[in-house]
Engineer: 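The structure under discussion is supplied below as structure tokens; questions concerning it will follow.
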Amino acid sequence: MSFIVKRCLSTSTAKNAINNVTIIGGGLMGSGIAQVAAQAGNNVTIVEVNSDALKKADIGIAKSLERVGKKLHKDNPNDAKNFVEQIRSRINGSTDTKSAVQDADLVVEAIVENMKVKHDLFKTLDQAAPQKTIFASNTSSLSITEISSVTNRKDRFGGLHFFNPVPMMKLLEVVRTENTSDETFNAMWNWGKAIGKTCIKCKDTPGFVVNRLLVPYLSEAIKMVERGDASAEDIDIAMKLGAGYPMGPLELADYVGHDTTKFILDGWHEKFPDNPLFEPTKILEKFVKEGKLGRKSGEGFYKYN
Ligand SMILES: C[C@H](O)CC(=O)SCCNC(=O)CCNC(=O)[C@H](O)C(C)(C)COP(=O)(O)OP(=O)(O)OC[C@H]1O[C@@H](n2cnc3c(N)ncnc32)[C@H](O)[C@@H]1OP(=O)(O)O
Ligand SMILES: NC(=O)c1ccc[n+]([C@@H]2O[C@H](COP(=O)([O-])OP(=O)(O)OC[C@H]3O[C@@H](n4cnc5c(N)ncnc54)[C@H](O)[C@@H]3O)[C@@H](O)[C@H]2O)c1
């Protein structure tokens, strides 16, 4: 990843309305979104809070691309290496939000799940980005309408909700608000298809489709551990072997990140206090307080090295 924002003309995506994509936040999700966009031929800029965070994103992307490259070029390590380098060369890093959106056709926000922090960011972005730029949030649970309310481009604003790990998960939820124009929705939808995802259309309802079903399931599994109904390991084995899920719910909660799940549940509990599905869980409180955020911090229900 180059640390200087420098655009080059991409011929492979000339027919596509969206060529230049800026991703704000290069964490778990942002780095995956940057990777798949670059793999599809987009010029990508990742914005992070400092150069260490950019370096971490770059390392994560390189590791993930190596796995993809090995599969694509099984018999030719040189081609695999070139593949990784070619995709990485399309990704730039920046710590300057304003200059990083100057040429953007699309900005995808993937920062912390907190309305105030997202509002502060989008106010800045709205002033800095050209009129044509479409804004999208990768929020897991917040209202896209509410996030967009601080901008003057509510018609050019929607949700693009990816799944973790982005390079492997095929789904993209494309969310439109009452204000999202047809043109914006179609551009987001076509971009989703161009980067290889299967898109579904969602209204701006809490959790869209997947998280409205998944988060209460994860939360109930955590409460089962709290109640001592079964161990984390046994619950995970049960759901893998008894329900055919690729990961058990506690493994998956570690994978998603306990800070993210806690933000989602807290937000919904505040908005819908009578819904028992959104009641806070003691284990999540404790994990987040202790910095045990799951796989990304090295520990959650399980330990990772
Ligand atoms: C909360 C949010 O808003 C919404 C969400 O994101 S909810 C979370 C949604 N995600 C899920 O439910 C994930 C469920 N888990 C899975 O689908 C699978 O366990 C998994 C794809 C993550 C990993 O698969 P698994 O078989 O367990 O492990 P592993 O053998 O390491 O990987 C399988 C393949 O994926 C590839 N892979 C896994 N992660 C990868 C990554 N980050 N980059 C590139 N390739 C990757 C591996 O190279 C491997 O490829 P191969 O089979 O061709 O060799
Ligand atoms: N974790 C998941 O499984 C998942 C899945 C889908 C959607 N989401 C959503 O995606 C968003 C990001 O989640 P994540 O898991 O990638 O979080 P993360 O903590 O891994 O990454 C967030 C990144 O944003 C950076 N950041 C924070 N403020 C910033 C700013 N003002 N400018 C630039 N960078 C900034 C942080 O340094 C961090 O690296 C959240 O809204 C979350 O709800 C998460």
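These numbers come from the heavy atoms of this one structure, side chains and all, not from hydrogens, waters or symmetry mates. In each ligand, atom 1 is the first atom listed, and ligand 1 is the first ligand listed.
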Engineer: Could you find the nearest protein heavy atom to atom 32 (N) of ligand 2 and give me its residue, atom name and distance?
Structural biologist: I24 CG2, 3.7 Å

Engineer: I'd like to know if E66 pairs up with K71 as an ion pair, taking the criterion as any Lys NZ or Arg NE/NH1/NH2 lying under 4.0 Å from an Asp or Glu carboxylate oxygen.
Structural biologist: no

Engineer: Ignoring hydrogens, just give me the one of K296, M29, E173 whose non-hydrogen atom is nearest atom 18 (P) of ligand 2.
Structural biologist: K296

Engineer: Is it the case that the side chain of T281 and the backbone of K223 share a donor-acceptor pair, with hydrogens and angles ignored and the cut-off at 3.5 Å?
Structural biologist: no

Engineer: Atom 10 (O) of ligand 2: which protein heavy atom is closest, and how many Å away?
Structural biologist: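 Nearest protein contact, heavy atoms only, for atom 10 (O) of ligand 2 is N138 ND2, 3.0 Å.
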
Engineer: What about F185 and F157, are their ring centers closer than 6.0 Å?
Structural biologist: no

Engineer: Do other residues, nucleotides or ligands put more than 12 heavy atoms under 6.0 Å from K56 NZ?
Structural biologist: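 Open: at most 12 neighbouring heavy atoms sit under 6.0 Å from NZ of K56.
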
Engineer: Is any NZ, NE, NH1 or NH2 atom of the basic residue among R88 and D58 found under 4.0 Å from an Asp or Glu carboxylate oxygen of the other?
Structural biologist: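 Yes, this pair counts.
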
Engineer: Check each of K63, M247, K240 against atom 15 (N) of ligand 1 and report the one with the nearest heavy atom.
Structural biologist: M247

Engineer: Could you tell me the residue and atom name of the protein heavy atom closest to atom 21 (O) of ligand 2, and the distance to it rounded to 0.1 Å?
Structural biologist: G27 CA, 3.3 Å

Engineer: Could a heavy atom of A53 be found less than 4.0 Å from some atom of ligand 2?
Structural biologist: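 No, A53 has no heavy atoms under 4.0 Å from ligand 2.
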
Engineer: What do you reckon, does Y255 put a non-hydrogen atom under 4.0 Å from ligand 1?
Structural biologist: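 Yes, Y255 has a heavy atom closer than 4.0 Å to ligand 1.
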
Engineer: Who's the nearest protein heavy-atom neighbour of atom 27 (O) of ligand 1, and how far?
Structural biologist: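 Result: P246 O, 4.9 Å.
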
Engineer: Record the part of V256 in heavy-atom contact with ligand 2 below 4.0 Å; permitted values are side chain, backbone, both and neither.
Structural biologist: both

Engineer: Which residue holds the protein heavy atom closest to atom 8 (N) of ligand 2, what is that atom called, and what is the gap in Å?
Structural biologist: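 Answer for atom 8 (N) of ligand 2: S140 OG, 3.0 Å.
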
Engineer: Closest heavy-atom contact between S219 and E279?
Structural biologist: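 Nearest heavy atoms, S219 then E279: OG-O, 4.3 Å.
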
Engineer: Which residue and non-hydrogen atom of the protein lie closest to atom 37 (O) of ligand 2, and at what distance in Å?
Structural biologist: E48 OE1, 2.8 Å

Engineer: More than 12 foreign heavy atoms under 6.0 Å from CD of E85: is that the case here?
Structural biologist: yes

Engineer: Backbone, side chain, both or neither: what part of H161 comes under 4.0 angstrom of ligand 2, heavy atoms only?
Structural biologist: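 The answer is the side chain.
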
Engineer: Given that the side chain starts at C-beta and the backbone is N, CA, C, O, which of these parts of R295 lies under 4.0 Å from ligand 2, counting heavy atoms, or is it both or neither?
Structural biologist: neither

Engineer: Of the protein's non-hydrogen atoms, which lies at the shortest distance from atom 13 (C) of ligand 1, and what is that distance?
Structural biologist: N164 O, 3.8 Å

Engineer: Would you say H161 and ligand 1 have an N/O pair spaced under 3.5 Å apart?
Structural biologist: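 For ligand 1, there is an N or O atom that lies under 3.5 Å from one belonging to H161.
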
Engineer: Tell me which protein heavy atom sits closest to atom 3 (O) of ligand 2, plus the residue, atom name and distance to 0.1 Å.
Structural biologist: N164 CB, 3.4 Å

Engineer: Tell me the protein heavy atom at minimum distance from atom 12 (O) of ligand 1, and give that distance in Å.
Structural biologist: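 Of the protein heavy atoms, L252 CD1, 3.6 Å lies nearest.
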
Engineer: How close does the nearest protein non-hydrogen atom get to atom 27 (C) of ligand 2, and which residue and atom is it?
Structural biologist: I111 CB, 3.8 Å

Engineer: Tell me which part of N211 gets within contact of ligand 1: side chain, backbone, both or neither, using heavy atoms under 4.0 Å.
Structural biologist: side chain

Engineer: Where's the contact between F162 and ligand 2, heavy-atom distance under 4.0 Å: side chain, backbone, both or neither?
Structural biologist: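 Just the backbone.
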
Engineer: Flag S140 as yes when one of its N or O atoms lies below 3.5 Å from any N or O atom of ligand 1, and as no otherwise.
Structural biologist: yes

Engineer: Angle between ring planes, F122 versus F135, binned at 30° and 60°: parallel, tilted or perpendicular?
Structural biologist: tilted

Engineer: What about E109: any of its N or O atoms under 3.5 Å from an N or O on ligand 2?
Structural biologist: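 Not met; the criterion fails.
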
Engineer: Can you tell which part of L28 has a heavy atom less than 4.0 Å from ligand 2: side chain, backbone, both or neither?
Structural biologist: both

Engineer: Which protein non-hydrogen atom lies closest to atom 49 (C) of ligand 1, naming both residue and atom, and how far is it?
Structural biologist: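 Of the protein heavy atoms, K71 NZ, 4.1 Å lies nearest.
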
Engineer: Where is the nearest protein heavy atom to atom 22 (C) of ligand 2: which residue, which atom, and how far?
Structural biologist: A110 O, 3.7 Å

Engineer: Where does the angle between the aromatic ring planes of H258 and F287 fall among parallel (under 30°), tilted (30 to 60°) and perpendicular (over 60°)?
Structural biologist: tilted

Engineer: Could you identify the single nearest non-hydrogen protein atom to atom 21 (C) of ligand 1 and state the distance to 0.1 Å?
Structural biologist: M168 CB, 4.2 Å

Engineer: Would you compute the distance between atom OG1 of T180 and atom CG of N186 and round it to the nearest 0.5 angstrom?
Structural biologist: 11.0 Å

Engineer: Should the proximity of L214 to ligand 1, defined as any heavy atom under 4.0 Å, be assigned to the side chain, the backbone, both, or neither?
Structural biologist: side chain

Engineer: Report the nearest protein non-hydrogen atom to atom 32 (O) of ligand 1: residue, atom name, distance rounded to 0.1 Å.
Structural biologist: R67 NH2, 3.9 Å

Engineer: Return yes when K118 approaches ligand 2 closer than 4.0 angstrom through a heavy atom, no otherwise.
Structural biologist: yes

